[in-house]
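Quick note: residue numbers are just sequence positions, from 1.
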Amino acid sequence: ETRLDDLAGAADSHAAALALAPERLEPRRRLLRVFLQQGRFTDGAALLVESGTAPAARDAVLLPLYESVALERGEIRAAAGALAAAVDAATALEPSIRRDLYGRAAGWFIDHAQDTEGAERALERALTADPRHVPNLLRRVELQRRKPDRRLVDTLIQLAAEQLDNLDHL
């Protein structure tokens, strides 16, 4: 793809290689990189949530690549939104994977895009997948403390119920 300057052709080639060996990481990584170089975050995110993607490879290799290229391109908000939308569409994902991917998107919205509304939406989805997940509850509390209202109180009550022996966050 770097020598030919034909990213569309490279995408087709890597997609064909992936179809031949869907369990292999390298064709998936290369196809993801080409999608991201083309600004095709929706396609890249769909590749991340495909059933053939090993969770360990997704977490250790593919998501960091997705994030780093999105940051390089200055399109992290679009990438985070595409990831959340891909998780929405991938109804067969296990709840824990849904939770973690939505949590990752929320982190990108917060840390890189300063988009609290996008982060709130992603955290809401993450907590729908796993309402008792303490790290996501803590993130939500952090966001809601910026504009305290009844929702903050509700989240703190929910968090206290999950951590009866640790009330420091209150």
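- L127 contributes atom CG, which lies 11.5 Å from atom OH of Y102 (distance to the nearest 0.5 angstrom).
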If you look only at distance, which donor and acceptor atoms sit under 3.5 Å apart when one is on a side chain in residues 51-63 and the other is two or more places apart or in another chain?
unit_1: T53; atom_1: OG1; unit_2: R28; atom_2: NH1; d: 3.0
unit_1: T53; atom_1: OG1; unit_2: L47; atom_2: O; d: 2.9
unit_1: T53; atom_1: OG1; unit_2: E50; atom_2: O; d: 3.4
unit_1: R58; atom_1: NH1; unit_2: L48; atom_2: O; d: 2.7

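- One hydrophobic cluster, built from ILVMFWY side chains closer than 4.5 Å, holds both L25 and L31.
- Cluster annotation: L32 is connected to V69 through the hydrophobic network of ILVMFWY side chains, with a link wherever side-chain heavy atoms come within less than 4.5 Å.
- Considering only residues two or more places apart in sequence or on other chains, E124 meets the salt bridge (charged side-chain N to carboxylate O under 4.0 Å, His left out) condition with R140.
- Applying the salt bridge (Lys or Arg N to Asp or Glu O under 4.0 Å) test to residues at least two apart or on different chains, the pairs with a partner in residues 65-86 are R73-E75, R77-D115.
- Residue pairs satisfying the salt bridge (Lys or Arg N to Asp or Glu O under 4.0 Å) criterion with at least one member in residues 98-107, sequence neighbours excluded, are listed as follows: R99-D130.
- Listed by first and then second residue, the salt bridge (Lys or Arg N to Asp or Glu O under 4.0 Å) pairs involving residues 84-95 are D88-R125 (not counting sequence neighbours).
- Among all heavy-atom pairs drawn from A79 and A70, the shortest one is CB-CB, 3.5 Å.
- T155 OG1 to N136 CG: the interatomic distance, rounded to the nearest 0.5 Å, is 11.5 Å.
- Judged as a side chain to side chain donor-acceptor pair (under 3.5 Å), and not counting sequence neighbours, the contacts of D154 are R150.
- A salt bridge (Lys or Arg N to Asp or Glu O under 4.0 Å) check over residues 18-27, counting only residues at least two apart or in different chains, returns the pairs E26-R29, E26-R30.
- For the pair R139 (side chain) and A106 (backbone), a donor-acceptor distance under 3.5 Å is absent.
- Scanning for side-chain contact (heavy atoms from CB on, under 4.5 Å) contacts around T116 gives L143, R146, with sequence neighbours left out.
- The distance from the CG atom of L137 to the CG atom of L156 is 9.5 Å, given to the nearest 0.5 Å.
- Side-chain contact between V141 and R145: present, with at least one pair of heavy atoms (C-beta onward) separated by less than 4.5 Å.
- Cluster membership check: F35 shares its hydrophobic cluster with V87, using side-chain heavy-atom separations under 4.5 Å among Ile, Leu, Val, Met, Phe, Trp and Tyr.
- Residues satisfying the salt bridge (charged side-chain N to carboxylate O under 4.0 Å, His left out) criterion with R121, sequence neighbours excluded, are absent altogether.
- Shortest non-hydrogen contact noted between R151 and Q144 is O-OE1, 3.3 Å.
- Relative orientation of the F41 and Y66 rings is perpendicular, given thresholds of 30° and 60° on the angle between their planes.
- Put simply, I76 and L101 are part of the same group of oily side chains (I, L, V, M, F, W, Y) that touch within less than 4.5 Å, one to the next.
- Residues I97 and W108 share a hydrophobic cluster, clusters being chains of Ile/Leu/Val/Met/Phe/Trp/Tyr side chains in contact below 4.5 Å.
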